[in-house]
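Structure first, then comments.
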Amino acid sequence: YYNVREVIMMEFILTESEFNEDNTAWNGNRFLMGNGYFGIRGTLEEYTKKQMCAVNMAGIYDKMGNSWRESVNAPNPLYTYIKVNGKIYALPDEKPKFHQQELDFRYGIHSRVTHWQTEHGNITVVCERFASIARQHNIAMKYTFSVDFDCEAEIITGIDGDVWDINGPHFVKMKIGSKDGADYVTGMTGEKNISVTVKEYIRTDFQAEQTNQNTDKSIFRHIKFSAKAEKEYIIEKIAEITTSVDDFGTSGSIDELNYSDLVAEHKVEWDKIWDISEIHIDGDDEAEYSLNYSIYHLNCIAPRNMKGKSIPARGLSGQVYKGAVFWDTEMFMIDYYIHTAPEVAKTLLQYRIDTLSGAKIKAKEYGLDGAYYAWESQEGGYEGCSDYNVTDVFTNRPMRTYFRDKQYHVSAAIVYGLMKYINASGDYDILNNGAMEMVIECAKFYRSLLIRKADSSLYEIHDVVGPDEYHERVNNNAYTNRMAKFVFDTVLELSDKYPLDNKLKEMLQDSSKNILIKKPNENGVIEQFDGYFKLEDVSVETVRSRLINPKEYWGGAYGVASNTQVIKQADIVAMLSMFKNDYTKDIMETNLKYYEPRTEHGSSLSACMYSLLACYTNNPEIAYPMFMKSAKTDLTKGGKEWLGLIYIGGTHPASAGGAWIAAVKGFAGINEEHGQLVCRPNLPEKWNGMNFKLIYKGKWYSVEIKDDKGTISMI
């Protein structure tokens, strides 16, 4: 019999029981470990930059030459492989007899078991490792080697400083050495002279000859010994990563730390996290597993105990999208943290407050007022996005895109995220610490975008790229206009507590009252932007059939979708989900049915919004497959991993956050009304119930749903 604890543990295991070299990049994402300070791709110990092995650092960026600026990957302290009788046994070159890779995502512990069969007998490697959530500078690894025949063995292990970069190399100087029994590699970035230092301390439980081998970038320790049949040989490695810009210190010298103690305290901290964040779904094991796996990814990239850090669009799974922070964080991720770790949500918002100066600089760059937040935000609010962000597959020339200069909705997303946090936490003090200034500057930005035709009384916003992205430089994108009004209204609402200059207040009242907000037409459909209904109305599959090259971009001036009603992702549907109280259920359902068949879902941000709106219109069976698409984004293969020769894979934390929103705010029907939480469940037919916990205004609540009846109890 399994006890309850063992059953729970089994439910949190992700396993691949074969070796398939084609899955290398994908496995790097789905077996990811992290602790908010860095993320470790789920590659194997013997892997190098050829297999996109990476320890991706949060908030550390560098630009090499004229290449895109991106986040920095640290030297890799996990690098290890074996020799038996002088021959190297390492994947992928030496094919195994058996191989299994696992992630215990309850505790963020990665493990592997590999058997090689030789003419003399069998070789076995077992390894377990984790990024400590209790000591965020540390990594711990336990590596076990055994054979069923006597042999001469060698374990080669060390710090590999020849790291994988998409647009590098970023370390222009490397320092390698040993001190007090620990080896180290320090890399210095070229742009800002930021140092990243990796140290490691190694213990063995057996006698061996040990020598060091240094290169110009790496340090390797050769551990040679005579191995006896059926005996296990174990090395423990405790590593530490620090940078010259850290805002919190290390805890404990690595030569005094050991694997068993570190893993014990690591599990204690993870238990605390799961105590508030785990969600149980009665009747659907696949949905429960997928949702909690999504929650794991949100947990392992959260900037806990860190100041002014945020979460990049691909989490900490590498340098994809330049390691930049997108609107994804405030629109799709922050809800989860608001209700499970509000201190993390506040940290994410503090990042935006701290980068206000960068947003004001960007606004001035385009001749606008206020704060225009970066589409791809790096430290200080630096805009990492270039004007040429896509490569034409036919000419191999960079294509002009307008993500950088026309995605006006980003600033409003940040204000929307702030108000979600304030409403759920009651923390108005954040407004006294820079947030109110941020909101006002965002309102000034939208005011400066407004134009009015000579014969009209309404303000319009022209030349926009909305969330859809396939249709560039459109006028009066309904989502953008409505979000601008939200910003105006937010400042006016807060002005009761935080008085405004009278002239500014009058300007914002005028802006809110007179901005054009699109209404449903005679059929109940809201036009996404001016002229959208005049575009060719064809199916997604018809547009896909027009592709000449499967990698060509669908949008822009000449994309196959540009002159059609086919859109990339939720746009009107996102607006309706966010402002559901503005519309009747009939209008929401009509637009859901109109736009979903015309949506490619070419972004991981899309499905969750359709799922949420389906729940709001009492259509849980329509919502369910979209929810599962979001929850399983990093579990299933088939996503876009390459754009030409550039890797664009990685994890999808916005999709993970969207799955949580669809589950909790959609199916469970959690909503805030008159300063209180209410629960109006709308479960799929196969779900018998749900239970989970939430934090609301500083108090813990337990939500129990059974047979479409929900109760909320204070803990």
Legend entry - Check against side-chain hydrogen bond (donor to acceptor under 3.5 Å, both in side chains), Tyr336 and Asn299: CA-CA 10 Å; Tyr336 168 75; Asn299 285 333; 2.6 Å; yes
[atom1]/[X] to [atom2]/[Y] distance, rounded to the nearest 0.5 angstrom?
X	Y	atom1	atom2	result
Trp660	Ser630	CH2	OG	14.0 Å
Lys322	Glu70	NZ	CD	9.5 Å
Ile661	Ser611	CD1	OG	10.5 Å
Ile40	Leu78	CD1	CG	5.5 Å
Arg30	Lys632	CZ	NZ	12.0 Å
Leu613	Ser577	CG	OG	4.0 Å

Legend entry - Pair Gln569-Ser606, side-chain hydrogen bond (donor to acceptor under 3.5 Å, both in side chains): steps then yes or no: CA-CA 5 Å; Gln569 64 191 54; Ser606 186; over 6 Å; no
Check whether [X] reaches the backbone of [Y] with its side chain - one donor and one acceptor, N or O, closer than 3.5 Å.
X	Y	answer
His137	Ile241	yes
Asp634	His652	yes
Ser702	Lys693	no
Asp246	Thr242	no

Do you see a donor-acceptor pair shorter than 3.5 Å between the side chains of [X] and [Y]?
X	Y	answer
Asp104	Tyr296	no
Tyr696	Ser425	no
Gln136	Asn305	yes
Thr633	Ser655	yes

Using every non-hydrogen atom in the two residues, find where [X] and [Y] come nearest and quote the distance to one decimal.
X	Y	answer
Leu349	Ile414	CD2-O, 4.4 Å
Gly318	Asn56	O-OD1, 3.3 Å
Met609	Leu605	CG-O, 4.0 Å
Lys362	Ala374	NZ-CA, 3.8 Å
Ala74	Met57	CB-SD, 3.8 Å
Ser317	Asn29	CB-OD1, 4.3 Å

Any idea how [X] and [Y] line up, ring-wise: parallel (<30°), tilted (30 to 60°), or perpendicular (>60°)?
X	Y	result
His409	Tyr479	perpendicular
Phe627	Tyr624	tilted
Phe579	Tyr416	perpendicular

Inset, instruction - Show the numbers, then the answer: is there a ring-ring contact (aromatic ring centres under 6.0 Å, His included) between Phe248 and Tyr37? - result: CA-CA 10 Å; Phe248 68 102; Tyr37 179 64; 5.4 Å; yes
One thing to verify: whether [Y] and [X] come together as a salt bridge, which I'm taking to mean a side-chain N less than 4.0 angstrom from a carboxylate O.
X	Y	value
Lys192	Asp62	no
Lys307	Asp354	no
Glu265	Arg135	yes
Lys346	Glu343	no
Lys706	Asp282	yes
Arg112	Glu128	no

Greater than 12 external heavy atoms within 6.0 Å of [X]'s [atom1]:
X	atom1	result
Lys199	NZ	no
Gln676	CD	no
Lys309	NZ	yes
Lys497	NZ	no
Lys629	NZ	no

Inset, instruction - With salt bridge (charged side-chain N to carboxylate O under 4.0 Å, His left out) as the test, would you mind laying out the steps for Lys709 and Glu704 before giving the verdict? - result: CA-CA 8 Å; Lys709 293 182 180 179; Glu704 300 281 343; over 6 Å; no
Legend entry - Worked check of ring-ring contact (aromatic ring centres under 6.0 Å, His included) between Phe130 and Tyr259: CA-CA 10 Å; Phe130 61 91; Tyr259 189 89; 5.4 Å; yes
Flag the pair [X] / [Y] as yes when at least one side-chain heavy-atom distance between them is below 4.5 Å, and no otherwise.
X	Y	value
Phe38	Ile139	yes
Trp700	Asp275	yes
Asn73	Gln319	yes
Val198	Glu240	no

Legend entry - Face-on cation placement of Arg69 at Tyr382 ring, 6.0 Å and 45° thresholds: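 Yes, a cation-pi geometry.
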Inset, instruction - State whether Phe31 and Arg41 meet the cation-pi test: NZ (Lys) or CZ (Arg) under 6.0 Å from the six-membered ring centroid, and within 45° of the perpendicular axis. - result: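 No, Arg41 and Phe31 do not form such a contact.
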Legend entry - Ring centers of His297, Phe105 separated by less than 6.0 Å: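 Centroid distance His297-Phe105: not below 6.0 Å, so no.
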Inset, instruction - Would you mind telling me which of Ile334, Leu431, Thr490 makes a side chain to side chain contact (heavy atoms under 4.5 Å, CB included) with Leu418? - result: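 Only one of Ile334, Leu431, Thr490 forms a side chain to side chain contact (heavy atoms under 4.5 Å, CB included) with Leu418, namely Leu431.
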Inset, instruction - Please say which of Trp375, Tyr373, Tyr372 ends up in a side chain to side chain contact (heavy atoms under 4.5 Å, CB included) with Glu383. - result: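 That would be Trp375.
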Inset, instruction - Quick one: do Lys697 and Asp427 satisfy salt bridge (charged side-chain N to carboxylate O under 4.0 Å, His left out)? Show the steps, please. - result: CA-CA 8 Å; Lys697 293 188 175 177; Asp427 178 17; over 6 Å; no
Inset, instruction - Let me see the working for Phe12 and Trp274 under ring-ring contact (aromatic ring centres under 6.0 Å, His included), right down to the final yes or no. - result: CA-CA 11 Å; Phe12 281 75; Trp274 281 113; 4.9 Å; yes
Legend entry - salt bridge (charged side-chain N to carboxylate O under 4.0 Å, His left out) between Lys420 and Glu330, worked out: CA-CA 9 Å; Lys420 285 190 290 188; Glu330 288 78 19; over 6 Å; no
Inset, instruction - Take Glu278 and Asn292 through the side-chain hydrogen bond (donor to acceptor under 3.5 Å, both in side chains) test and state the conclusion after the steps. - result: CA-CA 6 Å; Glu278 185 174 357; Asn292 282 300; 5.0 Å; no
